[in-house]
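Here it is, the structure, as structure tokens.
Per chain, numbering begins at 1; letters A, B, ... match sequence-line order. On a predicted model such as this, the values are computed, not experimentally measured, just so you know.
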Amino acid sequence: MEDEKIIDLFFQRDTDAINQLEAKHGKSIYRTAHNILGSAQDAEECANDTYLAAWNTIPPQSPAPLVSYVCRIARNLAIGRFHANTAKKRNTYYDAALDELEDSIPSLETVETEYDAKELSKSISDFLGTLSYDERFMFMRRYWYADSVTAIGQMMGLSAHKVSVKLFRVRERLERQLSKEGMLA
Amino acid sequence: MKRELISQALSDIDDKYISESAKYRPAKSGGNAKIVRRIVVLAAVVALLMALGATAYAKGWLGLSPLVVNTQMPLSENSGEHDIITLSQPQAVPEDLPEVNELAEKSKQAWQEFQDRKNQLPEDEEYDRLYDLIINPTLTKYDSTYIENGDGTVTINYCCLPDDFDWKDAIGLDEPPLEVLESRVVSEEDYQRFWELYNQHTNYECEYDFNYWLESDDEKALLEDVAAKYGLNLRKSSTVVWSSETTGQSGSSYYTNAELTDMTNSFCKGNIFYSTPDGFDKLYWYDEGTFGVSFYLPTDTPDRLIGYYGYNSVYTTLSTGTEVISGSTMDTYQSRTHVCPDGTEVEVLYDDTDAYFYVYLDDSFFAGHISVTSHNFDVDFTLDRTLSAEEIDNALDSINYSLI
């Protein structure tokens with residue numbers, strides 16, 4: 001079913017909207033949650049919470065594209081649950097992805113109080129616009145969807161090592177970009 | 001703090017980048033590598049679990065093996081190794097339950113046979129031909145580029161890195177220096193058809209539960225054949241319902257806690273709840289008797305709830321064993337037996353924050369997870385997540401297992 005028709009079902013308060021949403025984007029939602037949470041049980045619950053959140057927010061929202069809207073919800077819910085679940089256990093793809101980014105922009109810490117997340121987010125979005133599609137795809141899959149480098153390599157037909165090296169270079173460019181914008185000390 | 005800042009900044013990234021990376025799509029010109037394979041992370045996990053299945057009982061802790069699928073499986077490249085716990089298939093049935101063991105083994109054998117025979121299914125020749133034509137992993141030593149020629153054809157350059165290439169030299173370059181090993185020109189028809197078939201292979205849907213990871217009608221028919229051979233049922237799609245009281249929502253999928261209690265009981269031999277739960281996360285079920293229920297029990301602390309997730313696997317249903325799994329390091333877990341009010345002995349595996357339990361019933365294996373949670377899963381670092389023995393026992397005692 002097309003996204004517009006699914007949204008129509010939400011507007012008509014037809015609960016089949018949730019079934020159709022699950023059929024169309026369920027795998028993406030589940031995968032996003034699973035990558036962050038590392039647990040099928042938690043991911044399944046998070047996916048269901050995502051359907052509920054979509055039900056609660058559409059209408060008034062009429063998101064386009066729908067996939068990014070629901071994946072964003074899934075990611076936010078998963079991160080909330082991730083913090084709750086893993087206060088003492090750090091073991092998911094999301095941990096590894098955050099570690100990489102944290103290590104690649106070491107001096108961010110010294111100025112973080114001067115720049116809020118939205119400014120950093122805008123800088124990262126601007127930076128993404130300067131990348132090739134493949135570089136962007138790798139960056140987003142790794143740091144937004146929290147895929148493992150192996151999984152990204154499998155999606156793109158590259159070795160994990162190759163993905164790691166390319167991501168390393170992208171992170172270096174990100175650091176330079178942030179430094180140029182005065183985001184880093 | 002920096003970690004949270006980065007995490008929040010990533011959450012706010014422009015929508016267009018999220019949607020464009022939901023699925024890998026090749027650029028039509030001047031792009032980089034375009035080799036794509038059918039991969040789903042959990043499918044890989046399933047395959048790995050199958051491959052490692054023989055080691056399922058390696059550790060042999062007292063009481064642990066029935067839930068531990070395999071040991072020491074890395075969850076990510078940079079993480080340590082973790083034990084995989086299945087809540088949906090008994091892994092090591094006691095010798096004094098030969099009939100249960102026979103059914104559990106039958107399910108495992110059926111899934112293994114399905115995997116083996118799936119590997120022998122005839123390949124999609126057109127897809128394979130186009131895969132070799134367009135992707136050609138043999139030729140692609142490092143990368144490939146696709147260039148539209150303007151006349152409908154596409155030139156593919158299969159590239160490698162120079163022999164003396166050192167990644168240190170590439171730092172700061174936009175692209176590493178590539179050497180074209182071979183080029184080929186493909187028709188627009190072949191190029192488009194390939195991606196059409198690729199999408200067909202990767203987006204297959206049918207009436208059976210997605211946990212079987214089917215990708216084609218042939219695989220679906222094979223699964224049905226194997227299930228029939230072993231006399232096992234297959235799960236179709238599930239129905240999920242939520243609590244109107246917990247969520248504040250109304251509609252055809254929302255029921256009061258009392259109604260959800262009754263609905264759960266309708267899959268059982270009687271009322272399994274000693275009292276109506278404080279709230280439900282969800283209830284879901286399949287038409288052959290498998291169901292999952294997630295509910296909350298109150299504690300003395302507001303918004304600190306005990307979450308109870310139970311999954312009932314019918315012995316006569318073909319299970320992959322990976323429908324509901326958790327990852328944890330079981331070295332620190334202890335095991336004990338708890339006798340519930342109805343006299344049922346439940347095996348409990350627990351550490352400071354999590355408890356897993358299981359019980360062999362006449363027709364099914366009921367397993368679950370107990371942990372501290374909150375209604376909205378808000379980030380709350382102050383929430384005490386330590387589970388006391390009393391809280392575990394109270395949660396276990398909330399169900400009458402003999403009526404499942």
Please classify the contact of A:I18 with chain B as side chain, backbone, both or neither, using a heavy-atom distance under 4.5 Å.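 The side chain, not the backbone.
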Which of parallel (below 30°), tilted (30 to 60°) and perpendicular (above 60°) describes B:H369 and B:Y356?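 Judged by the thresholds at 30° and 60°, the geometry between B:H369 and B:Y356 is parallel.
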Taking atom types as modelled, find out whether A:D42 and A:H34 have a side-chain donor-acceptor pair closer than 3.5 angstrom.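 No pair is found: no donor N or O on one side chain lies under 3.5 Å from an acceptor on the other.
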Could you tell me if A:E44 and B:Y309 have a donor-acceptor pair between their side chains, going purely by distance under 3.5 Å?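 Their side chains do contain a donor-acceptor pair, which is all the 3.5 Å distance test asks for.
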Please state whether the side chain, the backbone, both or neither of B:Y284 comes within less than 4.5 Å of a heavy atom of chain A.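 Just its side chain gets close to chain A.
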Please state whether the side chain, the backbone, both or neither of A:A23 comes within less than 4.5 Å of a heavy atom of chain B.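 Only the backbone of A:A23 comes within 4.5 Å of chain B.
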Is the shortest distance from a Lys or Arg side-chain nitrogen in A:D147 or A:R31 to a carboxylate oxygen in the other one below 4.0 Å?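 Salt bridge: yes.
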Go through the atoms of A:N48 and report whether side chain, backbone, both or neither lie under 4.5 Å from a heavy atom of chain B.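 For A:N48, the contact with chain B is made by backbone and side chain together.
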Would you check if there is a donor-acceptor pair between the side chains of A:T57 and A:Y69 at a distance under 3.5 Å?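 Side-chain D/A pair, A:Y69 to A:T57: present.
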A:Y145 portion near chain B, given a 4.5 angstrom heavy-atom threshold: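 A:Y145 touches chain B through side-chain heavy atoms alone.
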